[in-house]
Trainee: 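After the structure tokens below, expect a handful of questions from me.
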Amino acid sequence: MDQNQTPLFTGLKKHVSNDPIQFHIPGHKQGKGMDNEFSEFIGTQALSIDLINIQPLDDLHHPHGMIKEAQQLAAEAYGADYTFFSIQGTSGAIMTMVMSVCHPGDKIIVPRNVHKSVTTAIIFSGAIPIFIHPELDDSLGISHGITPESVKKACQAHPDAKAVLVINPTYFGVTADLTQIVQIAHDYDMPVLVDEAHGVHIHFHDRLPASAMQAGADLAATSVHKLGGALTQSSVLNLKEGLVSHEKVQSVLSMLTTTSTSYILLASLDTARRNLAIYGKDLLESTIQLADYARDHINKLPRLYCAGEEILGSSATYDYDPTKLIVSVKSLGITGYDAEVWLRNNHHIEVELSDLYNILCIVTPGDSEKEIDLLINALKDLSNTLGSREAIQETKVYVPEIPLLALTPREAFYSETETVPFKSSVGRISAEFIMVYPPGIPIFIPGEIITAENINYIHENVAAGLPVQGPEDDTLETIRVIKEHRAFK
Ligand SMILES: Cc1ncc(COP(=O)(O)O)c(C=O)c1O
């Protein structure tokens with residue numbers, strides 16, 4: 001196959017160049033029928049390809065033309081047997097993975113620190129989660145992935161589980177030995193579903209961890225929009241056939257996908273694939289060099305630490321993605337969120353995320369030495385300004401225990417509930433998700449028993465200014481819990 005070809009994007013441009021007279025949606029008709037300020041800002045070229053699945057342009061729900069060809073090229077580039085385009089992000093692709101392999105009542109082995117789309121898929125499918133504790137890094141205060149040993153134990157204890165789900169790499173760019181995890185799961189005939197939201201690029205450079213397809217996984221939901229140059233919302237679902245059939249995946253994906261599929265997003269997947277397949281290795285080589293340069297300089301700054309290969313060596317830290325800059329600011333006696341706000345107010349810098357202890361900055365082919373030097377200088381200023389204060393209290397790293405699951409997430413979601421004050425909810429079963437977003441990893445999921453320790457952790461995040469989301473009452477005064485029925489006296 002010729003990876004220089006972009007059948008979808010080229011076909012779309014060709015269609016538009018024929019100047020068809022449009023009597024179909026979208027009603028803005030190349031921007032002429034919409035708000036002027038917006039259409040002028042977006043530009044007529046972009047609006048001309050804001051089309052949906054009219055006959056000459058193929059149909060994402062039943063691809064047989066230009067979308068099929070684009071997906072075939074993508075499959076070759078990503079090392080898959082089949083690639084499906086998702087314009088509902090990796091969240092949509094993750095729900096498809098889980099719902100393709102789990103029926104109501106089926107078990108699925110998952111790390112507890114999954115993205116909320118996994119828990120949503122578990123609720124939709126009616127699957128029973130068998131949670132594995134992720135390894136915690138007490139020094140950085142972050143969760144890594146699950147280890148081959150813990151997967152083996154879970155498979156031995158639940159040989160009837162229908163699949164193992166793995167996050168590879170984590171938001172922070174760390175991976176376990178995925179190839180070994182796949183071998184273990186396959187020994188039990190369980191397919192491996194990979195949340196590869198943060199790993200589209202790792203397939204294209206040897207210094208980056210093995211991608212899901214390279215490790216032999218069965219399905220991988222991959223955000224091309226995050227680190228692969230596609231537009232926001234554009235992801236792929238890669239499949240190695242054997243344990244899961246492509247027909248099933250196609251039909252579940254179609255059930256979960258809008259019928260008004262955006263061709264701007266689809267074209268961006270087609271062209272991002274070309275760019276990665278042809279230039280990915282070189283682009284990533286320069287990106288890794290830039291990130292290494294940043295890491296070296298940041299590590300020379302007092303009271304700042306940027307994690308590098310010294311974190312490797314445990315079973316949960318088998319490999320890492322050096323393009324992620326995890327900068328620990330705890331020795332400055334401030335939270336990651338404080339650092340995020342300080343960098344915004346003083347240096348006009350926006351980071352990817354912050355938590356209680358760290359900020360995370362991503363380096364991509366979109367960066368040059370100029371931006372990296374601006375970041376290094378800003379962090380130098382942060383270190384000088386805040387590091388010179390007297391009596392710096394180093395922030396103590398603490399990650400709470402994972403709550404016990406009393407009901408399946410689906411049972412809890414559909415149970416009779418009542419609203420109680422949050423502070424007196426200890427011991428009750430949560431009917432809601434509560435998470436810090438980003439990264440969107442739940443502190444409570446529906447069905448878990450609320451603990452004082454986790455309530456404190458939520459308050460700590462709120463007090464630090466971090467975005468705690470999920471409950472219906474966003475002031476966090478109250479929470480919805482499973483209704484208790486007491487015996488009549
Ligand atoms: C670990 C992880 N999985 C899945 C997702 C969902 O990806 P998307 O935003 O493409 O739907 C995210 C998003 O941040 C994520 O961090």
Side-chain angles (χ1 to χ4, degrees), residues 74 78 83-99 108 110-124 129 131-132 134-135 142-146 164-176 178 192-202 209 211-212 217 219-238 253 256-258 261-262 265-266 268-269 272-273 316 320-321 323-324 326 350-355 358-362 364 433 435-443 445 466-470:
Y78 297 122
T83 292
F84 303 88
F85 289 168
S86 164
I87 41 99
Q88 297 190 181
T90 293
S91 301
I94 284 177
M95 291 186 225
T96 304
M97 292 199 299
V98 175
M99 293 176 72
I108 180 166
V110 289
R112 170 56 178 72
N113 57 332
V114 282
H115 185 260
K116 70 170 184 173
S117 55
V118 178
T119 325
T120 306
I122 286 172
I123 292 175
F124 284 172
F131 284 128
I132 298 187
E135 295 288 307
I142 61 176
S143 299
H144 296 313
I146 50 177
V164 176
L165 189 141
V166 184
I167 308 164
N168 186 86
T170 63
Y171 208 140
F172 292 97
V174 180
T175 67
L178 184 61
V192 176
L193 323 181
V194 180
D195 174 348
E196 202 177 47
H198 299 283
V200 65
H201 57 308
I202 62 178
S211 70
L219 279 164
T222 310
S223 296
V224 188
H225 69 95
K226 287 194 202 297
L227 299 165
L231 292 178
T232 296
Q233 273 181 237
S234 315
S235 293
V236 289
L237 178 50
N238 289 322
L253 185 63
L256 296 172
T257 299
T258 169
T261 47
S262 158
L265 300 186
L266 291 175
S268 86
L269 281 171
R273 180 272 311 152
Y320 86 118
D321 171 2
T323 67
K324 297 286 178 82
I326 312 168
E350 296 292 342
V351 301
E352 166 64 15
L353 69 73
S354 63
D355 62 20
N358 311 290
I359 53 169
L360 177 69
C361 297
I362 58 165
T364 76
F433 285 100
M435 75 206 92
V436 182
Y437 187 88
I441 290 166
I443 299 170
I445 62 171
L466 287 160
V468 176
Q469 288 185 6

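Count residues from 1 along the sequence. When a ligand or atom number is given, it counts from 1 through the structure's own listing order.
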Trainee: Looking at ligand 1, does any of its N/O atoms fall within less than 3.5 Å of an N/O of Tyr171?
Mentor: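 No, since none of the N or O atoms of Tyr171 sits under 3.5 Å from an N or O of ligand 1.
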Trainee: Could you list which atoms of ligand 1 come closer than 4.0 Å to a heavy atom of Ala197?
Mentor: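 Reading through ligand 1 atom by atom, the close ones are 2 (C), 3 (N), 4 (C), 5 (C), 12 (C), 15 (C).
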Trainee: Holding to ring pair (Phe, Tyr, Trp, His ring centres under 6.0 Å), I want the full list of residues that pass it with His198, two or more places apart in sequence or in another chain.
Mentor: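 Scan of His198 (ring pair (Phe, Tyr, Trp, His ring centres under 6.0 Å), adjacent residues dropped) gives Tyr171.
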Trainee: Tell me, do Val236 and Phe84 make a side-chain contact under 4.5 Å, heavy atoms counted?
Mentor: no
Trainee: Give yes or no for whether the N/O distance cutoff of 3.5 Å, strictly under, is met between Ser91 and ligand 1.
Mentor: yes
Trainee: List the residues meeting side-chain contact (heavy atoms from CB on, under 4.5 Å) with Ala230, not counting sequence neighbours, and say none if there are none.
Mentor: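 Result, side-chain contact (heavy atoms from CB on, under 4.5 Å) vs Ala230: Val224, Ser234, Ser268, Leu269, Ala272.
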Trainee: For ligand 1, which atoms sit closer than 4.0 Å to a heavy atom of Ser223?
Mentor: 7 (O), 10 (O)
Trainee: Mark yes or no for whether Glu196, through its side chain, and Ser211, through its backbone, hold a donor-acceptor pair below 3.5 Å.
Mentor: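 The answer is no, because no donor-acceptor pair under 3.5 Å joins these two groups.
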Trainee: Which atoms of ligand 1 sit under 4.0 Å from any heavy atom of Gly89?
Mentor: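 Contacts of ligand 1 toward Gly89, numbered from 1: 10 (O), 11 (O).
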Trainee: Would you say ligand 1 has an N or O under 3.5 Å from any N or O of Gln88?
Mentor: no
Trainee: Measure across Ile87 and Leu266 and return the closest heavy-atom pair with its distance rounded to 0.1 Å.
Mentor: CG2-CD2, 3.7 Å
Trainee: Which residue from Lys226, Lys116, His198 reaches closest to atom 16 (O) of ligand 1 through any of its heavy atoms?
Mentor: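 It is His198 whose heavy atom sits nearest to atom 16 (O) of ligand 1.
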Trainee: Is there a heavy atom of Gln233 sitting under 4.0 angstrom from any atom of ligand 1?
Mentor: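 In this structure, Gln233 fails to qualify as a contact of ligand 1 - no heavy atom is under 4.0 Å.
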Trainee: Identify the two heavy atoms, one from Ala121 and one from Val98, that lie closest to each other, and give their separation to 0.1 Å.
Mentor: CB-CB, 3.6 Å
Trainee: Under 4.0 Å from a heavy atom of Ile94: which atoms of ligand 1 are those, numbered in the order shown and with their elements?
Mentor: 4 (C)
Trainee: Name the residue from Ile108, Thr96, Val118 that meets the side-chain contact (heavy atoms from CB on, under 4.5 Å) definition with Leu193.
Mentor: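 For Leu193, the side-chain contact (heavy atoms from CB on, under 4.5 Å) test succeeds with only one of Ile108, Thr96, Val118, which is Ile108.
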Trainee: Tell me the contacting part of Asp195 for ligand 1: side chain, backbone, both, or neither, using a 4.0 Å heavy-atom threshold, strictly below.
Mentor: side chain
Trainee: Using modelled atom types only, decide if a donor and an acceptor are shared between the side chain of Gln88 and the backbone of Leu256 within a distance under 3.5 Å.
Mentor: yes
Trainee: Please state which part of Thr170 comes within less than 4.0 Å of ligand 1, counting heavy atoms only: side chain, backbone, both or neither.
Mentor: neither
